[in-house]
Each structure stands twice: as structure tokens, then as C-alpha cells.
Amino acid sequence: MTTRQAILDALKGNPGTWVSGAALSERLKVSRTAVWKHIKHLVADGYEIESAPKKGYRLGGAPDLLSPDEVGDGLATEILGRQDFLYFREIGSTNDHAKHLAQQGAPEGTVVAAEKQTAGRGRRGRTWFSPAGKGIYVSIILRPAMPLQQLARIPLVAAVALAETLRGVLNLDARIKWPNDILVHNRKIAGILSEAVADMDGINYVVVGFGLNYYNDPGDFPVGLRMPATSVQAEQPQLVSRVRLLQSLLYNMEQFYQQLLEGDFDIALTKAKSLSMVLGQEVRLEGSQGPITGNAIDLSEDGYLVVVARDGSVQTVMSGEIEVVEPGSSNR
Amino acid sequence: MNLEEIRELVMLLDKTSLTELKVETEDFKLTLRKGLSRPEAIPIPEPKAEDKMPVLLPSREVTPAQELVSISSPMVGTYYQAPSPDSEPFVKVGDIVNKGQTLCIVEAMKLMNDIKSDYDGTMVEVAVENGQPVEYNQVLFWIKRS
């Protein structure tokens with residue numbers, strides 16, 4: 001435990017009461033100036049800490065911040081978030097920052113988390129609504145030692161990890177809209193943005209970004225979203241903290257990722273199938289080879305969508321925008 | 001190995017998607033390569049000028065072939081020339097490109113792979129159309145090295 005975490009623990013152990021700088025200094029064997037510097041850092045991270053002469057410091061409220069001190073305390077991973085955990089009150093985009101760090105050689109497992117994104121991104125120039133303190137905006141750096149041909153398995157693994165986390169921790173009926181949107185009751189609760197730099201020589205790095213709507217009220221979302229949105233709070237009144245959810249997400253992601261590296265994609269693939277909300281449905285795909293309408297019957301061994309088109313041909317699709325054709329609108 | 005046999009091998013290479021063919025025996029070694037970067041490696045008599053099909057781009061005719069290098073797709077996926085449908089392409093023919101610069105995105109399973117230039121040079125040809133599917137190892141760009 002770091003000194004800063006120890007200070008935080010001491011304050012948390014005495015909620016609403018004053019803890020003197022002298023007592024902290026003595027207990028942690030650091031100078032009072034050092035204590036003060038750590039307090040300043042915690043305040044900068046968003047902790048509500050009052051300070052008063054002769055009284056000391058007092059922590060107000062129970063913080064649910066995605067800071068390394070909070071997330072690191074009880075994190076069960078071996079790699080993710082272990083070495084470098086970067087935390088921002090506000091950032092442009094966690095994915096952009098993670099890519100920048102990866103380009104400069106940041107190690108596998110580096111985590112970039114933020115309370116707010118001013119330029120939160122989805123794919124193809126889309127934005128991700130990222131108001132302060134309302135969501136989990138986090139990106140991780142991976143440097144997978146695996147064949148190039150398996151690179152595209154990562155988004156599916158990330159989707160399974162997030163859906164399993166929402167199911168396990170919050171008991172939400174989280175389902176996967178192929179390949180990696182997460183929906184609850186047909187509303188999008190989370191998105192995943194996977195970006196890689198790989199060439200014929202191999203995979204340099206992959207950044208996987210998660211955006212999860214958490215404390216948003218249903219009315220908070222901007223109008224005109226591509227898909228109706230929802231949040232954890234809107235779906236499950238029995239909330240756990242964002243910190244606990246993120247700890248669990250990082251742990252699950254690491255488990256499925258390790259299995260993938262060990263050549264075992266089947267566990268994730270089987271889960272992706274059972275949690276899929278498109279298998280068994282009539283779907284319409286806007287793909288690079290034109291639109292396809294047909295029945296989504298399976299995922300291939302690589303996680304590609306297998307569709308029996310209306311002309312009877314079987315097509316395996318790895319790209320494209322998908323929508324479920326609702327009964328009654330099948331004239332499209 | 002006689003000239004006729006070599007000719008047959010050349011024809012064989014031409015009909016397949018292979019780009020290189022090596023034949024080696026104790027006293028004999030032959031390497032056939034196909035592709036614009038090393039056309040001089042094909043050991044067949046130069047055809048008469050009027051037999052040549054005018055398939056080369058103008059920029060290539062004035063470029064020593066060995067300076068042309070290609071960038072290939074490391075994965076099967078969809079080719080995107082720009083970060084979003086509304087934005088300018090990462091790169092156009094005639095642009096100066098730098099090593100490490102993003103040239104395009106290849107997407108599969110919603111994983112966006114930034115394809116970067118391995119070279120400093122000038123973009124000579126963009127070999128794929130925006131939004132088109134690409135194969136593993138398919139050439140995306142030809143760059144004239146500087």
C-alpha cells in the first residue's frame with residue numbers, strides 16, 4: 001500500500017471526523033509536509049477533503065472515484081492496472097491518450113481512466129457521451145503475442161468480459177449485439193472501441209476502450225443517438241460503486257485475454273454465442289460487400305457472424321453495421 | 001533446365017497469385033519474382049516495345065522500379081481511407097508520407113487497425129477503394145522511397 005493509500009485509509013476509517021496531520025505523520029513515518037502533499041494530490045483527484053489549522057484533515061462523503069488509489073485497493077489482476085494506472089479528472093479521449101502512450105512504449109496492462117471525456121470517441125468519428133462522474137471511461141493497452149489472424153478476436157473477448165461483469169456484479173441482463181455493443185433491454189449501455197497498430201511484421205499494440213453509462217438519468221442522454229441508450233443506474237437500483245465494477249471488469253478482461261493468448265478462444269466464443277441478441281434473429285447488415293438480409297445462425301470459429309441470406313446462400317461476415325429486423329418490418 | 005522449361009515456370013507463376021518462385025538443384029538456381037517492385041528479376045527476353053501493354057502509371061514509367069515499395073494489409077477486413085466518413089483521406093496520391101504516419105484503417109470485427117507507413121517517400125498509388133474488403137497481405141499502397 002502506498003503512503004497516499006494509507007492516508008486515504010486513515011481518513012476513510014474516521015468518516016466525518018478530523019484526523020490531525022501530526023497523527024498521520026507519526027503513524028506513517030513521513031513528514032507533515034509529505035502528508036500535506038499527498039492530501040493535495042488526493043484533492044486534485046477529486047476527493048472532498050477539508051483541512052483546518054490545528055484540526056487536521058477530514059474526508060467528506062464516500063468517494064466513488066476511478067482513481068488508482070480507489071481501484072487499486074482490492075484489484076485482483078496481475079497485469080491490468082498493476083504497473084501504470086493513469087487517472088484524469090478530465091481528458092480528451094482515454095483511447096487517444098492510451099494510443100499515444102503505447103506509441104511511446106507504455107507496457108502491456110497500462111490503464112487510462114477518466115471522470116470526463118471532452119472528446120469521447122466511438123468508431124468512424126462518432127462521439128461517446130462522457131459527462132463528468134457519470135460513466136466509466138477507461139482504456140487499456142495490450143501487446144498480445146499472438147498470430148495476426150487472431151487480432152480481430154479481441155473486441156469479442158472485451159465484449160464478453162464486459163457483459164459478464166455487468167451480469168455477475170449487477171445482475172443485469174446484459175447482451176451482446178454482435179460483435180461488441182452491450183445492450184440491456186434493447187438499449188445500449190456500453191460501447192467498446194478497439195484500436196490497433198499492427199503490420200505484416202506483427203502486432204505492435206492494441207488499445208481497448210470501454211465506455212459504460214453508469215449514473216446517467218434516462219433524460220440525460222442527448223437526442224438523436226443512433227441507438228436508444230440506458231445506464232446502470234436506470235436498469236439496476238441496487239447499485240455497486242463504479243470502482244467495484246471497474247475492478248471486476250479489469251479482472252474479467254484479464255482472464256479472457258489470458259485464455260485467448262493461451263489459444264483458448266472457445267470459452268469466450270461460447271459465451272458470446274449464448275449472450276448474443278442477434279443469433280436466431282433476422283438481421284440486416286450494411287457491409288462492405290453491400291447489404292445482406294437473412295437469418296443470423298451462428299458465430300464462426302473466429303467469431304464472425306454466419307448469416308443465411310434470403311437467397312439461401314450462407315455468408316460469413318466480419319464487418320458491417322447490423323440491425324435486427326423487427327417482425328412486421330420485414331419488407332425492408 | 002532449358003529455356004522452354006523456364007518459360008513454363010514463368011507462365012505458371014503468372015497464372016497464380018504467387019509473387020515469388022525459387023527452384024534450386026545442386027548445379028542450378030533460379031528465382032522468379034512477380035510484382036512491380038522487382039520487374040527486372042524475371043529472366044525472360046524483353047518483349048518488343050509494341051507488344052508491351054500500357055498498364056503502368058505515368059509516375060511509374062519515370063521511376064526506377066526498385067525505389068517503389070508497397071504497404072500490405074496485415075489482416076482481412078474493410079479498408080477505410082479516412083478516420084470518419086466526413087473527413088479527408090489520411091493520404092492521397094502525390095502526398096509526401098513519413099515513416100510512422102497513418103495511411104489508412106483496416107477494420108474487422110470493429111477492431112480499427114491503423115496502417116502506418118514503413119517508409120519516407122511519396123505516395124504513388126492507393127491500390128484500394130474506400131470501404132472495400134481487403135485480404136491478408138493485399139497491397140494497399142505503392143510508395144516511392146525518398
Top contributor to chain A interface from [options] [non-hydrogen pairs under 4.5 Å]:
{"options": "B:E107, B:M75, B:K110", "result": "B:K110"}
{"options": "B:I71, B:V76, B:D86", "result": "B:V76"}
{"options": "B:T102, B:I115, B:T78, B:D118", "result": "B:T78"}

Next item on the list: Identify which part of B:P133 has an atom lying under 4.5 Å from any heavy atom of chain A, answering side chain, backbone, both or neither.
Entry: both
Next item on the list: Using non-hydrogen atoms and a 4.5 Å limit, figure out which bit of B:S87 sits close to chain A: side chain, backbone, both or neither.
Entry: neither
Non-hydrogen atoms of [X] and [Y] that approach each other most closely:
{"X": "B:P74", "Y": "A:L148", "result": "O-CD1, 3.8 Å"}
{"X": "A:L151", "Y": "B:N113", "result": "CD2-ND2, 4.1 Å"}
{"X": "B:M109", "Y": "A:L156", "result": "CE-CD1, 3.6 Å"}
{"X": "A:A152", "Y": "B:A108", "result": "CB-O, 3.9 Å"}

Notebook entry, point to check: If you draw a 6.0 Å radius around CG in B:N98, do more than 12 non-hydrogen atoms from other residues or ligands fall strictly inside?
Noted result: yes
Notebook entry, point to check: Should we count CD of B:E129 as having more than 12 external heavy atoms under 6.0 Å?
Noted result: no
Next item on the list: Could you tell me which residues in residues 222-230 of chain A have at least one non-hydrogen atom under 4.5 Å from a non-hydrogen atom of chain B, sorted by residue number?
Entry: none
Side chain from CB out, backbone as N, CA, C, O: work out which of these in [X] comes under 4.5 Å of a heavy atom of chain B, or both, or neither.
{"X": "A:D201", "value": "neither"}
{"X": "A:Q149", "value": "side chain"}
{"X": "A:Q150", "value": "neither"}
{"X": "A:V208", "value": "neither"}

Margin query: I need the residue from A:G202, A:A158, A:S319 with the largest number of non-hydrogen atom pairs under 4.5 Å to chain B.
Written below: A:S319
Check: What is the distance from atom CD of A:E195 to atom CE of B:M112, rounded to the nearest 0.5 Å?
Finding: 7.5 Å
Check: Is the backbone of A:A198 close enough, under 3.5 Å, to the side chain of B:K116 for a donor and an acceptor to pair up by distance?
Finding: no
Check: Under 3.5 Å, side chain of A:R124 to main-chain N/O of B:A82, donor-acceptor pair present?
Finding: yes
Note to self: Before you tell me yes or no, could you show the steps for A:M200 and B:N137 under side-chain contact (heavy atoms from CB on, under 4.5 Å), namely the whole-Å CA-CA distance, both residues' side-chain angles and the distance that decides it to 0.1 Å?
What the structure shows: CA-CA 7 Å; A:M200 294 301 290; B:N137 206 11; 3.2 Å; yes
